[in-house]
Amino acid sequence: MQEIPKTYDPSGVEDKWYKTWEEQGCFKPVARDKTKPPYVILMPPPNVTGKLHMGHALDHTVQDILIRFKRMQGHETLWIPGQDHAGIATQAKVEQKLFKEQGLSKHDLGREKFLEHIWAWKEEYGDHILNQFKKIGDSCDWDYFTFTMDEGPSDAVKKFFVDLFDEGLIYQSDYIINWDPVLQSAISDAEVDHKEVQGKFYHIHYRVKESNQVLEIATTRPETLFGDTAVAVNPNDDRFEHLIGKMAIIPLVEREVPIIADPHVDMEVGTGCLKVTPGHDFNDYDIGKRADLEILNILNKDGTLNENAPQVQGLTTKEARKKTVELLETANQLVKVEDHTHQVGHSQRSDAVVEPMVSKQWFINTEEMAKRSVTDVESEAMKFVPKGWENTYFSYQRNPRPWCISRQLWWGHQIPVFTCNSCGHQFASTEQKPHCSKCSHTEVTQDPDVLDTWFSSGLFPLSTLGWPNPEKMKQKGFDRFYPSNVLVTGFDIIFFWVARMMMMGTKVTNKVPFSDTYIHAIVRDKEGKKMSKSLGNVMDPLELIQETGCDAMRFTLAVSSGYNRNINLDPAKIEGYRNFVNKIWNAFRFIAPHLENATDEAIETADLHHHEKWILSELNEVIKEVTLKFDDYRFDEACNTIYQFVYEKYCSWFIELSKGVLNSNNESLKAQRANVLRFCFRQIVKLLHPVTPFITEELWQFLKREDEDLIVIQKYPEYNPDHTFTEDVDNMEKFIEVITSIRNLKNTVNISPKEEIEVRLFTDDEKLASYLYKSRGFLKELARVKAGKIKDKSIERPAKSVMKATAHTEIFLPLDGVIDIANFVEKLKKDKDKAEKDFQKVEKKLKNPKFMENAPEDIVKKVKAEAHEFEEKLKSIEHSLENFQ
RNA sequence: GGUCGUGUAGCUCAGUGGGAGAGCACCUCGUUGACAUCGAGGGGGUCACAAGUUCAAUCCUUGUCACGACCACCA
């Protein structure tokens, strides 16, 4: 056998295995166990502009664990990768690049040329993030890879649009929307960031017609007065009641508008008087609807003022604000200016101040779909994990607003609505160049706008499986793979994406698109701060992989991931789990030379040594637990369970206890031990494979039988009722406690661990006594015991000794060689205090008649047993202590 | 203002109606063969605070305080 290096070096190993898996088609859906249903995950498609960050690393680690786990369990697994064209994000990026490198705007190029540029950009950079996904081990089926602008998803978009259009659920309407004057497009509410801005409160006088009175109105946006079509007060406001119904005169424009009453007006805020600009304010728009006010648009598409604001026409809103204030001052109608901090909406993409504007847009009436999407979660047809996230979902879906789906961009799916050049008929069609559906005229004009990005990603669960093309659906296995099992994502797109998929998927198929939604945490830095470029605390997954290996990173993310909201990722933690990966490597180095002695995986339970029974029993429980926890999305508990077993049970005890056997001359015992060591280790690497795929595949090559294939498609370990040995586990636990106590005692009195000493054990547990006797060789080996005696507690304890008491065994060491008596006495006193407290606590319970009456029988029994133990322990400590006073 | 969440060891966080846990950090000891990316042992907590329910509360209920996230509003 060749030399195995002392430390595991992941470089080289990782790429090698990924390539092998892919080449051998391991990621393709194959039903290895026909009795199990398919298991499908749809990968949240990254933006073409995307770059791998820790969020992806976590998101994908979780999905890959689930897919690999289910694949090994025999399910036909499919993990579908994809990519999103990300309308605004991509267009903005390419626009910037064009301007920076060539000084060109998209208008210089025209729509067609500009789109060519975006496609070229996509070809060049689009693969970047996908290659990064391979580095983190994603076992997705790349043959299913789908881009939202591919022909298939485009057909899905058209089909869905046309169906809803014909149903009357898609309509065009004037509505107040967020307008980004830089991108010159409508953007959705969720694409608006509200930022705190230091602004001013301008108090302005509005005269009241046929009256001497003036109304003082406070506003932060005086330039919008050109668009005012009313002044509103609260209906219950005594101060202004008499003015309701009269007319107010807007300064500068001298236009008369009605004074109306509306409950939205807050009497406490500002002056209690509100100028109403339905064309450029969301609340005013609603007031305007209620009062049937005229809507006056005072802005151009680029955000400058238009002809409806003659005095400031052509100026930007910022310039216009300044000018308006000057004009008001000149006209003596500006009362005062106050400092005022308030929130102002900014475009996420361009950072421009968002201007609310009324414009003609396309909308989906989501009312019915949203209702259904709520009941589907209420009935748990789709379950959120952790459950609490459903509240976030409900808060959106219970109050659905019309979904504005049109965007004034070029990059995206053009809206399939056409207007006949001849008869003016407007209709939707899935065809590229349809004839007028009314007069059959061939000249029709398509709506220039494109659809919101989420329109196509909302259809992804369907379109990635070939919908609406029947042939492709058959080829891709739509009926088998829809709906999928779980969606794994972050909370930030519950509304954007999860809700949309729920509505759209259900609308088309009448089935929810996935049965679970696992919402994972946000990865933050070790201090809990969000990772951001400006803070300089961004961790790059690829760098981490380089430094510590992909498996260590994946294990760290998994072990940090349960039902929590934040993961504070400390590099020291990753290093710790890197060490764990290395530990496994070294455990393998230990067993490697003995593998040739191992004959077969089959373990004959009848003739097993009690240590072997113990480890098999422990392993069996681990298998049970891990399987349960993965199914529950408790990656933290699953990983911790494996970690504890490997470290504490397998390495620290089983391997240590095996050294003597393996160095002996008893060939049959050696072979059997090698068998068990190998069996357990094979199970361990299989258990770990979903989390740490690379090292486990590497080790598997040395562990597999000749007829066995790659680990990635091995059968996941299953609970085996034959491997339950309660008595051996019980004995072993006590044995470990005795050994630990001896080591502890030696340490307390400053005897070197190496030094061999005599030890006397006293126990009334006959089974344990005989077990300890049987294990005297191991006691000698592991606790450095020279000679020992095991007696029952009726025997007088040695006077000149130091001692330690456990619940079942008292341990005595002779005083010869004891260096630090004082320390021992101090410690013994502490033990006494503890035992006293423990005893009093349970004693109190037992003396309480109410406890005896009400507590369940097994609890009473347990407490009684404890009381006995504590009392024994206390007595023996006190007895021993007397010798030192 | 609304919703959700958090408060447990120095740090990061699990956990349970009946004996307070892990990792890291810290202290002591230990390198000849699996592993110093290691081993053995150890110290350390009023489970935020208060009241209530209960035989029994770190856990359930209510309130208080502190912190966080999201949503809405901010004329």
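Every chain is numbered from 1, with letters handed out A, B, ... down the list of sequences.
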Less than 4.0 Å between a side-chain N and a carboxylate O, is that true for [Y] and [X]?
X	Y	result
A/K847	A/E843	yes
A/D286	A/R290	no
A/K829	A/D833	no
A/D193	A/K195	no

Do the non-hydrogen side-chain atoms of A/K649 and A/Q644 ever get within less than 4.5 Å of each other?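 A/K649 does not reach A/Q644 side chain to side chain.
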Write down the distance between [atom1] ([X]) and [atom2] ([N]), rounded to a whole number of angstrom.
X	N	atom1	atom2	value
A/N854	B/U54	CG	P	11 Å
A/M539	B/U12	CE	P	16 Å
A/K834	B/G44	NZ	P	12 Å
A/L846	B/G18	CG	P	17 Å
A/D636	B/A14	CG	C1'	7 Å
A/I522	B/C4	CD1	P	20 Å
A/I859	B/A57	CD1	P	14 Å
A/M852	B/A56	CE	C1'	14 Å

Students often get this wrong, so: under 4.0 angstrom with heavy atoms, is [X] touching a base, only sugar-phosphate, or nothing?
X	value
A/Y647	sugar-phosphate
A/R578	base
A/T271	nothing
A/P856	base
A/R398	nothing

Can you pull every protein N or O that's under 3.5 Å from an N or O on nucleotides 68-75 of chain B?
| unit_1 | atom_1 | unit_2 | atom_2 | d |
| --- | --- | --- | --- | --- |
| B/C73 | O3' | A/N283 | ND2 | 3.4 |
| B/C74 | OP1 | A/N283 | ND2 | 2.3 |
| B/A75 | OP2 | A/H342 | ND1 | 3.1 |
| B/A75 | O3' | A/A218 | O | 2.3 |
| B/A75 | O3' | A/T219 | N | 2.7 |
| B/A75 | O3' | A/T220 | N | 3.0 |
| B/A75 | O2' | A/A218 | O | 2.5 |
| B/A75 | N6 | A/D266 | N | 3.2 |
| B/A75 | N6 | A/D266 | O | 3.3 |
| B/A75 | N1 | A/D266 | N | 3.2 |

Of all residues at least two apart in sequence or in a different chain, which pass the ring pair (Phe, Tyr, Trp, His ring centres under 6.0 Å) check with A/F824? A/F884
Going by the rule ring pair (Phe, Tyr, Trp, His ring centres under 6.0 Å), which residues pair with A/Y206 if we only count those two or more places apart in sequence or in a different chain? none
Would A/K659 pass as a cation-pi partner of A/F590, given that its NZ or CZ must be under 6.0 Å from the six-membered ring centre and within 45 degrees of the axis?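 Verdict for A/F590: a cation-pi partner in A/K659.
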So which nucleotide from [options] ends up closest to the side chain of [X]?
X	options	value
A/K830	B/G18, B/G44, B/C55	B/G44
A/N391	B/G39, B/U3, B/G18	B/U3
A/N848	B/G19, B/G15, B/C55	B/C55
A/E866	B/C55, B/G41, B/G19	B/G19

Side-chain donor or acceptor of A/K670 paired with backbone N/O of A/S664 under 3.5 Å: yes
Judged by atom type as modelled, is there a donor-acceptor pair below 3.5 Å linking the side chain of A/N566 to the main-chain atoms of A/A521?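 Not confirmed, A/N566 side chain does not pair with A/A521 backbone.
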If we ignore angles and hydrogens, is there a donor and acceptor under 3.5 Å between the side chains of A/K289 and A/Y285?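 Yes - a donor-acceptor pair under 3.5 Å links their side chains.
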Would you kindly say whether A/T277 and A/D228 are connected by a side-chain donor-acceptor distance under 3.5 Å? yes
Measuring to OP1 and OP2 of [N], would you say a side-chain N or O of [X] lies under 4.0 angstrom away?
X	N	answer
A/Y8	B/C35	no
A/N579	B/U37	no
A/N568	B/C13	yes
A/N744	B/G42	yes
A/T748	B/G42	no

Taking Watson-Crick (N1-N3 plus N6-O4 or O6-N4) and G-U wobble (N1-O2, O6-N3), each under 3.5 Å, can you produce the dot-bracket string of RNA chain B? Use [ ] for crossing pairs and | for inter-strand ones. (((((((..((((....[..)))).(((((.......))))).....(((((..]....))))))))))))....
Taking the C1' atom in each of B/G17 and B/A57, what is the distance between them to the nearest angstrom?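 That atom pair is separated by 7 Å.
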Starting at the 5' end of nucleotides 20-34 of chain B, put B wherever the base has a protein heavy atom under 4.0 Å, S where only the sugar-phosphate does, and a dash everywhere else. --S------S-S--B
Contact nearer the 5' end of RNA chain B, comparing A/R634 with A/N582: A/R634
Could you work out, with side chain to side chain contact (heavy atoms under 4.5 Å, CB included) as the rule, every residue matching A/A805, not counting sequence neighbours? A/M803, A/E810, A/K873, A/S876, A/I877
